[in-house]
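Note: hydrogens, waters and symmetry copies are ignored here, and every other heavy atom, side chains too, is used. Letters A, B, ... mirror the listed sequences (proteins, then strands); counts begin at 1.
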Amino acid sequence: MTLKKNTNCGLLTKVNVGEKVVVAGWVQGRRDHGGLIFLDLRDRTGIVQVVFDQEKNKSFFNQVEKIRPEYVVAVGGKVVPRSPETVNLKLKTGEIEISADALEILNPSLTPPFYIENNIDTDENLRLRYRYLDLRRPEMLELLHFRHRILLEARKYLDGEGFWEIETPMLTRSTPEGARDYLVPSRISPGSFFALPQSPQLFKQLLMVAGVEKYFQIARCFRDEDLRADRQPEFTQIDMEMSFSSREDIMSVVEGLVKHLFQQVQGKDLKIPFEVLPYREAMERFGSDRPDTRFAMELVDISEIAAASQFRVFKTAVQDGGIVKGINAKNCGRYSRKEIDDLTALVQSWGAQGLGWMIVTGEGFKTPIAKFFSPSQLDTIREKFDAREGDLLLFIAGKREKALDVLGQLRVHLARREGLIPQNEDKFLWIVDFPLLAYDAEEKRYDSVHHPFTAPLEEELPLLAVDPLKVRSQAYDLVYNGVEVAGGSIRIHRKEVQEQIFKLLGLPDEEIEEKFGFLMRAFEYGAPPHGGLAFGLDRLIMLMAGRKSIRDVIAFPKTAAGNCLLTGAPGPVSAGQLAELHISPVLRNNKKDV
RNA sequence: GGAGCCGUGGUGUAGUCCGGUCAACAUGCCGGCCUGUCAAGCCGGAGAUCGCGGGUUCAAGUCCCGUCGGCUCCGCCA
């Protein structure tokens, strides 16, 4: 290489006029006028136009004619101003161009399978198979850079707050709860397996016992579950843990971190502290433990009226211990019967029995169920919903949890459909006071709502032995525009409490000892009170960047089937490798064996 | 584990419902002309047997069955 790049293409402006530069990058396009050839040269900073003139560039002009898109070239030349009529305001560098006097073709390129430009509409299949070309597109490089800046600023902020970045093992042991583990066979211990971490949870707690006091890690985590648009089998967390801290201390550090990231990376000024909503209230008002509060449409309880009405569906729901709640779909009174039937089918697919509805008109309610309510009951309903002419009231009756959940989904569905969600708002809020445990009817045992290491509210600790489902936890979730982006808790640091939880979860003593003995022992040697939180980093970045898929913010993501189209992973291995690992695959012919 | 959508020259689409101009349009690609373009332009050319396999039919891109791949959702993700 004789020409050495010394300038970034996209950063050249009028102030560089007169400079002798060498630019290098990829050829975006070529406009061949015969004796005059324009090249658009692109590097990660942007595009600059290079001009070759047959008269001036006689010695290598035939080389220029060979250049095609995506060739890698280096060009030496002088930055010159463009004449006023040839200025291109679409380019940041459009007021200048490079008048070439030297060229080196560093590498030719095949015609790429898709255009190297933003907003392409190509099969994602192709993009993933040629990921290096996909990433070469400016918007994708920008996302990689965006992610880098988030990580950099997170590190700066946490360092500033006294956190130490510490790595924990990738090869660890399988634990009984949680997601399916990715397993790694041990060559040296036949028949034994490592598991890739689902999160560094126990290690960071042990670091607290060790006296680290403030820890963080940009941690890769693995969960062998089915994928979604916002879920990959390997993903990254910003994982944190602090000793001697209350829930409020941790929430406040996290708020500082989020504010810092938005400030530094996007120049946005977030208001902190964030709103705090108890779980119960979130469920009752929004029907979700991760409510999108960028819009209202809150749930309204009419159980009392329903019980007193003559409408049997509502009446019996309440008599059976359930509820009747509804939402006001503002200005949706125009919906046709067909559209309302479709909504009914939708809520039924979510598990509701049916959907009650009332359209508010100038003359009163238009609804098949008006006759079951007295005029004063209808007035109360109108008042409770602040119902105006043209509104559509929708009701769900049933068991409390189910009714709330369905209404919560319906609320979001309608808001999207009606375009009620402000797109430029960044709404963060905390959900706290989650229940500690849920009852798993199938398994006939309790399950952790967060995870088994989450501490109960101190004052409700005594309830644990009496009425475990009543106990609330010191967990907290951070919700961003209706998406859970972080979650954490104050942890249990006393052995007796941890044992009590394990037993409620139905873990036998031997298993507690085998799987968690090391944690229990650690708690016997002066474990400080501690707690922490982890961000789903990919999801956070996706939302901040306004992307619909988590794959866009991961350099080399997997497909919905968990494959890497670029490398072909996962792939077969040799019999020799398997033998060495003491593994013998049992392949089932999915159809025949059943 | 289940459901839905998609799969036609390099790329994006049309044609598929109502089988019979077996293939159109745009862009890209190749060649020629062209000294001010930047979605350059003009002229000419090459390029798909319609994801794969099987079936129905005189005849299938078009209908049926299976299969592979991608996407989305439910289950799952403490």
Side-chain angles (χ1 to χ4, degrees), chain A residues 28-41 47-57 61 65-66 68-70 80 82-91 93-94 97 99 110-117 119-130 133 175-181 198-199 201-202 221-233 235 346 349-351 409 434 436-438 440 443 445-454 473 475 484 487 489 501-502 505 507 534 536 539 548-549 551 557-563 565 568 590-591 594:
Chain A
Q28 178 71 38
R30 183 184 66 122
R31 290 173 295 283
D32 185 345
H33 289 237
L36 190 72
I37 295 176
F38 299 96
L39 282 190
D40 288 333
L41 194 63
I47 287 176
V48 70
Q49 173 166 283
V50 182
V51 194
F52 295 90
D53 187 316
Q54 190 161 30
E55 298 304 313
K56 283 156 60 184
N57 305 135
F61 200 75
E65 288 172 329
K66 286 188 199 148
R68 292 292 180 275
E70 299 312 311
V80 298
R82 297 201 194 184
S83 63
E85 68 276 14
T86 61
V87 163
N88 182 0
L89 294 175
K90 287 183 202 154
L91 281 183
T93 59
E97 62 193 8
S99 175
L110 295 173
T111 302
F114 48 82
Y115 304 114
I116 309 300
E117 62 187 28
N119 302 314
I120 56 168
D121 183 21
T122 302
D123 191 21
E124 198 165 345
N125 207 326
L126 256 193
R127 291 177 51 200
L128 290 173
R129 194 155 44 220
Y130 294 93
L133 296 180
T175 51
E177 300 224 16
R180 197 176 294 115
D181 283 317
Q198 296 184 22
S199 86
Q201 183 60 34
L202 296 179
C221 304
F222 305 85
R223 294 179 189 174
D224 187 5
E225 298 292 348
D226 287 349
L227 290 82
R228 287 287 186 282
D230 63 353
R231 238 161 59 191
Q232 283 273 309
F235 60 100
L346 192 64
S349 79
W350 294 332
Q409 292 191 61
F434 285 87
L436 183 70
L437 300 165
D440 186 331
E443 303 273 335
R445 60 175 175 81
Y446 295 101
D447 240 342
S448 291
V449 167
H450 189 55
H451 60 48
F453 317 105
T454 300
S473 72
E484 182 196 329
S489 63
I501 296 288
F502 283 147
L505 298 179
L507 287 180
R539 205 175 281 180
K548 288 203 177 67
S549 169
R551 292 186 297 278
K558 310 263 187 302
T559 67
N563 299 314
L565 295 180
N590 10 352
K591 286 281 136 79
V594 179

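Checked by distance alone, A/Glu225 brings no side-chain donor or acceptor within 3.5 Å of a matching partner on the base of B/rG75. If you check distances only, the side chain of A/Tyr115 never reaches the base of B/rG12 with a donor-acceptor pair under 3.5 Å. For B/rC77, its base sits under 3.5 Å from the side chain of A/Arg231 at one donor and acceptor pair at least.
As judged by a 4.0 angstrom heavy-atom cut-off over every strand, A/Leu565 is placed among residues touching the sugar-phosphate backbone only. Looking at heavy-atom distances under 4.0 Å, A/Pro113 makes contact with sugar-phosphate atoms alone, never a base. A/Glu97 comes within 4.0 angstrom of a base, heavy atoms only. Nucleic acid contact for A/Glu85: none, since no nucleic acid atom lies under 4.0 Å from a heavy atom of the residue. Heavy atoms of A/Leu126 sit under 4.0 angstrom from primed sugar atoms or phosphate atoms, though from no base atom. When heavy atoms are screened at a 4.0 angstrom cut-off, A/Asp123 is found touching the sugar-phosphate backbone but no base atom. Using a 4.0 Å heavy-atom criterion, one finds that A/Asp121 contacts the sugar-phosphate atoms exclusively. Looking at heavy-atom distances under 4.0 Å, A/Gln49 makes contact with a base.
Under 4.0 angstrom from either OP1 or OP2 of B/rU72 there lies at least one side-chain N or O belonging to A/Arg551. The side chain of A/Arg127 contributes no N or O atom lying less than 4.0 Å from OP1 or OP2 of B/rG70. Phosphate proximity of B/rG51 to A/Asn125: absent, as no side-chain N or O sits under 4.0 Å from OP1 or OP2. Of the side-chain N and O atoms in A/Lys548, none sit less than 4.0 angstrom from OP1 or OP2 of B/rU72.
Ring stacking is absent between A/Phe114 and B/rU11, as the pair misses the limits of under 5.5 Å between centres and under 30 degrees between planes.
Remark: B/rU16 base-pairs with no nucleotide; criterion is Watson-Crick or G-U wobble with both hydrogen-bond distances under 3.5 Å. In this structure, B/rG7 forms a base pair with B/rC68, meeting either the Watson-Crick or the G-U wobble geometry with both donor-acceptor distances under 3.5 Å.
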Can you tabulate the close N/O pairs, meaning under 3.5 Å, that link protein atoms to atoms of nucleotides 14-16 of chain B?
none

Could you go over nucleotides 30-34 of chain B and give all protein N or O partners under 3.5 Å, atom names and distances?
residue : atom : partner : partner atom : Å
B/rC30  : OP1  : A/Arg68 : NE           : 2.9
B/rG31  : OP2  : A/Arg68 : NH2          : 3.2
B/rC34  : N3   : A/Asp32 : O            : 3.1
B/rC34  : N3   : A/Gly34 : N            : 3.3
B/rC34  : N4   : A/Asp32 : OD1          : 3.3

Distances under 3.5 Å between protein N/O atoms and the N/O atoms of nucleotides 1-9 of chain B, please, pair by pair.
residue : atom : partner  : partner atom : Å
B/rG1   : O6   : A/Asp226 : OD2          : 3.3

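Between B/rG36, B/rU72, B/rU35, one nucleotide has an atom nearer to the side chain of A/Ala229 than all others, and that is B/rU72.
B/rG15 and B/rG20: their P atoms are spaced 14 Å apart (whole Å). Going from the C1' atom of B/rU67 to that of B/rG7 covers 13 Å, rounded to whole Å. Spacing of P atoms, B/rC68 relative to B/rA78, comes out at 29 Å, to the nearest Å. For the C1' atom pair drawn from B/rC64 and B/rU56, the interatomic distance equals 7 Å after rounding to whole Å. As rounded to the nearest Å, B/rA23 and B/rG61 have C1' atoms that lie 9 Å from one another. Look at the P atom in both B/rA59 and B/rA40: the space between them is 49 Å, to the nearest Å.
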